[in-house]
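Everything below concerns the one structure shown next.
Proteins come first, then strands; the chains are lettered A, B, ... in the order of their sequence lines, and each starts at number 1.
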2 protein chains.
Amino acid sequence: MNAPISSPVSSPALTKNQNLVFDVLTRAEAPMSAYTILDKLRDHGFRAPLQVYRALDKLTEFGMVHRLESLNAFVACAHRESECCGAGHGHGTVAFAICESCGHVSEFHDHQVDHRLSDWAKSKGFKPAKTTIEIRGLCEACAA
Amino acid sequence: MNAPISSPVSSPALTKNQNLVFDVLTRAEAPMSAYTILDKLRDHGFRAPLQVYRALDKLTEFGMVHRLESLNAFVACAHRESECCGAGHGHGTVAFAICESCGHVSEFHDHQVDHRLSDWAKSKGFKPAKTTIEIRGLCEACAA
DNA sequence: ATGGCACACGTTATAGCATAACGCAATTGA
DNA sequence: TCAATTGCGTTATGCTATAACGTGTGCCAT
């Protein structure tokens, strides 16, 4: 009795660890590092970073979690249910606006940006695998 | 005799350490991590990571070096002389295409992408400070 | 049923990336 | 001349991520 468990709330059938990590991220107001997640889950039996990283790898693969490269941290995907996490659909690249003051992250998507970038790639014969777009700055509230 | 030295080849007057780091990056075919740079410069008296990081911070500030967030590594700016490194001009955000096979990096710029992103920011009251765009995938040669 | 496979898990150890905190030396300019 | 600034060097430390090992479980083709 170790493998996937009928998930109470999440999309694909997640394992116990995956559910725990996803729940922590979903509740968070800001991105969390793997080690911060680890600390939050010590009460639930987590002892080592790998337990977190393995869950994060899967959740990222499922599209339920995004990694913020410029922060070395993770957020739950903001596109609820139907839009984002469906298996094979992929609505393209997601962009993030990260407030350096309050830590809040806005996730958005822009087809034009997507097209421009993939046009560039096509023109150069470059085959994109994963695209990162992160804007760091101050959110409206913090810029005031 | 410790401060800036008339630089033999570079743009602003760089210090000795800044020149050494910049030269190593300029000669490199692919991005380098701070520790790789450190190893290359042991012969020149470098002993500690901070010596590298401090030089990288300045070079980045000057616009002569870019940090690749998804790689935790650094590259010399590909825009030669006039275009990129001039003090106050800033031609906007730069994007990178990073080959995961050979490590080669292409630096480019797209006004439309820039505009799209800053329009989004404006509409949300978000004040951008620094924008990261990195496409990882396979370059033409490696995709063949 | 059983042997092989794929996968999640747990643990220990280690690798790789980045900065804090101290003090010294040189430069600048009121 | 004195204070402020900047670069430098050193030691120590902290944060991020993965390697390598072994265990247990479910699946399913033979």
key: Heavy-atom donor-acceptor pair, B:Glu107 side chain to B:Ala78 backbone, under 3.5 Å   = yes

message = Could you tell me how far apart B:Leu56 (CG) and D:dC8 (P) are, to the nearest whole angstrom?
response = 12 Å

message = Below the 4.0 Å mark, does C:dA8 have OP1 or OP2 next to a side-chain nitrogen or oxygen of A:Thr15?
response = no

ask   = Would you say a side-chain N or O of A:Arg67 is under 4.0 Å from OP1 or OP2 of D:dA17?
value = yes

ask   = When you check the phosphate oxygens OP1 and OP2 of C:dA8, does a side-chain N or O of A:Lys58 lie under 4.0 Å from one of them?
value = yes

request  = Nearest whole angstrom, please: distance from the C1' of D:dG7 to the CG of B:Leu59.
outcome  = 13 Å

query = Over how many whole Å does the gap from B:Phe74 atom CZ to C:dG16 atom P extend?
reply = 16 Å

task = Compute whether any side-chain donor of one residue and acceptor of the other, for B:Glu134 and A:Thr132, lie under 3.5 angstrom apart.
result = no

inquiry  = Strictly below 4.0 Å: does B:Asn72 bring a side-chain N or O up to OP1 or OP2 of C:dA18?
reply    = yes

task = Kindly write out the residues that satisfy ring-ring contact (aromatic ring centres under 6.0 Å, His included) with B:Phe46, not counting sequence neighbours, or none if the list is empty.
result = none

Cluster companions of A:Ile133 among Ile, Leu, Val, Met, Phe, Trp, Tyr (side-chain spacing under 4.5 Å) = A:Phe108, A:Val113, A:Leu117, A:Trp120, A:Phe126, A:Ile135, B:Phe108, B:Val113, B:Leu117, B:Trp120, B:Phe126, B:Ile133, B:Ile135

query = How long is the line joining CG of B:Leu38 and P of D:dT10, in whole Å?
reply = 11 Å

ask   = A:Ile37 CD1 to D:dA17 P: how many Å, rounded?
value = 10 Å

query = Any N or O donor-acceptor pair linking the side chain of A:Tyr35 to the base of D:dA17 at under 3.5 Å?
reply = yes

task = Please state whether the phosphate of D:dG9, meaning OP1 or OP2, lies under 4.0 angstrom from any side-chain nitrogen or oxygen of B:Asn17.
result = yes

ask   = Between A:Gln51 (CD) and C:dC7 (C1'), how many Å, whole number?
value = 16 Å

ask   = To the nearest angstrom, how far is B:Asp57 atom CG from C:dC17 atom P?
value = 16 Å

No-hydrogen, no-angle side-chain donor-acceptor test under 3.5 Å, B:His104 and B:Glu29 = no

task = Counting heavy atoms from C-beta on, name the nucleotide in D:dC8, C:dC9, C:dT19 closest to the side chain of B:Tyr53.
result = C:dT19

query = Toward the 5' end of DNA chain D, which comes first, A:Leu50 or B:Ala55, by nearest nucleotide?
reply = B:Ala55

ask   = Can you tell which of C:dG10, C:dT12, C:dT19 lies closest to the side chain of A:Arg54?
value = C:dG10

key: For atom CG of B:Leu71 and atom C1' of D:dA17, their distance in whole Å   = 14 Å

inquiry  = Need to verify one output field. Residue with the more 5' nearest nucleotide on DNA chain D, B:Ala48 or A:Pro49?
reply    = B:Ala48

